[in-house]
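Below is one structure, written out as structure tokens; comments come after it.
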Amino acid sequence: MTPRIRIHPFSLRDTLECGQFFRFTKIMDTYIVQSSDRIFSLWQKGDFLFYEGVEEPFLIHFLRLDEELNPILKEIDQDPVIHQAIQKYRGLRLIRQDPWECLLSFLCSSAKSIPHIRSMIEILCKSFGRKIFYGNIIGYGFPEPFCIKNSLQLESVRAGFRTTYLVKVNQCIGRDQLLAMKSLSYQEARQSLMRLSGVGKKVADCTLLYSLDFLEAFPIDTWIKKGLQRAYFGGKRTGEKEMENFISNHFGPFAGYAQLYLYHLWRNNPPC
DNA sequence: CGTCAGGTAGCCA
DNA sequence: TGGCTACCTGAC
């Protein structure tokens, strides 16, 4: 019998498709997922998550299945807007990505649409990653730290001005240093990340939330900004600092989960 | 052809 | 702090 895990609440679809993670493809009801140098498949029926090509401990870590979701949702359920998002997408979970892959992925993301980001990452993997197999499907692992040496090697990635970001970050930091940031405070870790070329608040917060367990991180992109302005500030233009203060006061230490739900809500139902 | 897209860096008030 | 612009590239 195919191995499976019982989880509740859980929505594989919302978890993968809410924008926090890029390397998956959907075939019928099955998702082929790639992360670092793994390739495996996942599908869901009711409360059961079926999996193939991967071990259970990795999945539990990757999908944070040992984290009680309902208490967190209760904690952030502070107003009618977030309440609606929670009702609609309950089961959407934060993914714990590899920090190196996460950082580079979001380094590619600035001023690009999701299909473009996907394409850049895919070419990066094809150029630098090792071949990996799942049945007769061939995939490519994510490039390891320090393997991108200069911008010439990135020509085919067509990353534009992000090319220098990728090269510089490859010179400056590796996976261990990123993981070590877990022991810092949120502000310290954020500042450290922002010293890297191409890493501003948004990319730093994505890395902190999606890969380093800083659940208070709340990445603010243009969609979230528009939505927050309309939903919480009466449509008025709002200063960055005021917005940050509101978020941490209103949603608290699990604000990152609120970001996930609100982002998903506003991507599917644009606030403008 | 112009505009714009999940942002950042650099410069200025 | 807040506001502005250029930056590569590809799609509408």
Side-chain angles (χ1 to χ4, degrees), chain A residues 14-24 85 89 92 94-95 97 101-124 126-127 148 150-173 187 189-211 214 217-231 233 236-248 255-272:
Chain A
D14 293 319
T15 297
L16 288 176
E17 296 187 11
C18 73
Q20 60 178 323
F21 181 69
F22 299 105
R23 290 219 290 150
F24 65 89
Y89 303 118
L92 193 178
L94 186 60
I95 295 180
Q97 303 180 220
E101 176 169 341
C102 187
L103 173 62
L104 265 70
S105 298
F106 284 94
L107 214 46
C108 292
S109 76
S110 59
K112 277 292 176 198
S113 61
I114 289 176
H116 270 149
I117 302 167
R118 280 215 154 94
S119 148
M120 284 188 272
I121 295 173
E122 195 174 311
I123 299 170
L124 263 183
K126 274 189 182 160
S127 309
I148 300 169
N150 60 63
S151 50
L152 282 177
Q153 300 177 89
L154 292 178
E155 225 180 327
S156 59
V157 178
R158 308 196 64 71
F161 62 80
R162 303 156 200 78
T163 302
T164 52
Y165 298 163
L166 291 170
V167 173
K168 283 187 182 171
V169 165
N170 262 269
Q171 291 168 164
C172 293
I173 201 163
Q187 289 299 339
R190 197 178 192 224
Q191 289 310 313
S192 312
L193 282 172
M194 285 172 64
R195 280 196 279 273
L196 298 167
S197 171
V199 181
K201 291 179 178 178
K202 162 66 166 58
V203 174
D205 282 335
C206 286
T207 307
L208 294 170
L209 176 61
Y210 302 149
S211 73
F214 287 94
F218 189 107
I220 299 180
D221 54 48
T222 53
W223 288 87
I224 283 281
K225 190 176 279 181
K226 271 186 211 165
L228 289 175
Q229 246 165 52
R230 208 193 59 156
F233 295 94
K236 289 194 299 283
R237 289 185 77 234
T238 310
E240 224 164 56
K241 184 139 196 195
E242 192 185 349
M243 209 169 256
E244 285 179 18
N245 287 337
F246 167 78
I247 288 162
S248 62
Y257 265 99
Q259 192 271 4
L260 229 49
Y261 278 77
L262 290 175
Y263 181 75
H264 198 40
L265 178 72
W266 290 330
R267 275 303 306 228
N268 295 319
N269 319 58
C272 44

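All heavy atoms count here, side chains included; hydrogens, waters and symmetry mates do not.
Between dA11(C), dG2(C), dG7(B), one nucleotide has an atom nearer to the side chain of Glu240(A) than all others, and that is dG2(C). The Arg267(A) side chain lies nearest to dG6(B) when the options are dG6(B), dG3(C), dA11(C). Of all nucleotides listed (dC8(C), dG3(C), dG6(B)), dC8(C) comes nearest to the side chain of Phe161(A).
Checked against salt bridge (charged side-chain N to carboxylate O under 4.0 Å, His left out), Arg190(A) has the following partners two or more places apart in sequence or in another chain: Asp205(A), Glu244(A).
If you check every strand for non-hydrogen atoms under 4.0 Å, Lys241(A) touches sugar and phosphate atoms only. Counting any heavy atom pair closer than 4.0 Å across all strands shown, Ile114(A) reaches a base atom.
The CD1-P distance, from Ile123(A) to dG10(C), rounds to 9 Å in whole Å. Atoms CD1 (Ile117(A)) and C1' (dT8(B)) sit 15 Å apart, rounded to a whole Å. Straight-line distance from the CD atom of Glu244(A) to the C1' atom of dT1(C): 11 Å, rounded to whole Å. Summarising the geometry, the separation between CG on Leu166(A) and P on dG7(B) is reported as 16 Å, rounded to the nearest angstrom. Across the protein-nucleic acid pair, Leu154(A) atom CG and dT9(C) atom P stand 12 Å apart, rounded to whole Å. Separating the CZ atom of Arg237(A) from the C1' atom of dG3(C) is a distance of 8 Å, rounded to the nearest angstrom. Taking atom CZ of residue Phe106(A) and atom P of nucleotide dG6(B), one finds them 13 Å apart after rounding to whole Å. Rounding to whole angstrom units, CZ of residue Arg162(A) and C1' of dG10(C) are separated by 10 Å.
Here the shortest heavy-atom pairing between Met194(A) and Ala204(A) reads CG-CB, 3.9 Å. Gln97(A) and Ser211(A) make their closest contact through O-CB, 3.3 Å (heavy atoms, listed as atom of the first residue, atom of the second, distance).
The NZ atom of Lys201(A) sits 14.0 Å away from the SG atom of Cys206(A) when rounded to the nearest 0.5 Å. The line from SG of Cys108(A) to CG of Leu166(A) is 4.5 Å long, rounded to the nearest 0.5 Å. Note that the CZ atom of Arg23(A) and the CG atom of Leu16(A) stand 13.0 Å from one another [nearest 0.5 Å].
Here, dC11(B) and dC8(C) have their P atoms 16 Å apart, quoted to the whole Å. dG2(C) and dG6(B) have their P atoms separated by 24 Å, given to the nearest Å.
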Give every pair of a protein N or O atom and an N or O atom of nucleotides 9-13 of chain B that lie under 3.5 Å apart, one pair per line with the distance.
from, atom 1, to, atom 2, distance (Å)
dA9(B), OP1, Gly198(A), N, 3.0

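Between Tyr263(A) and dG6(B), a base-stacking contact is recorded: ring centres under 5.5 Å apart, planes less than 30° from parallel.
Interface remark: the Lys201(A) side chain does not form any donor-acceptor pair with the dT8(B) base, using a distance-only criterion of under 3.5 Å.
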Annotated structure of DNA chain C as dot-bracket, pair cut-off 3.5 Å, Watson-Crick or G-U only, | for inter-strand, is |||||||.||||

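Between Tyr165(A) and Phe161(A), the two ring planes are perpendicular [angle over 60°; tilted spans 30° to 60°].
Annotation: Phe22(A) is in aromatic contact with Phe106(A) [ring centroid separation under 6.0 Å].
In this structure the side chain of Ser110(A) never reaches within 4.5 angstrom of the side chain of Val203(A), judged on heavy atoms. For the pair Tyr210(A) and Ile95(A), the minimum side-chain heavy-atom distance is 4.5 Å or more.
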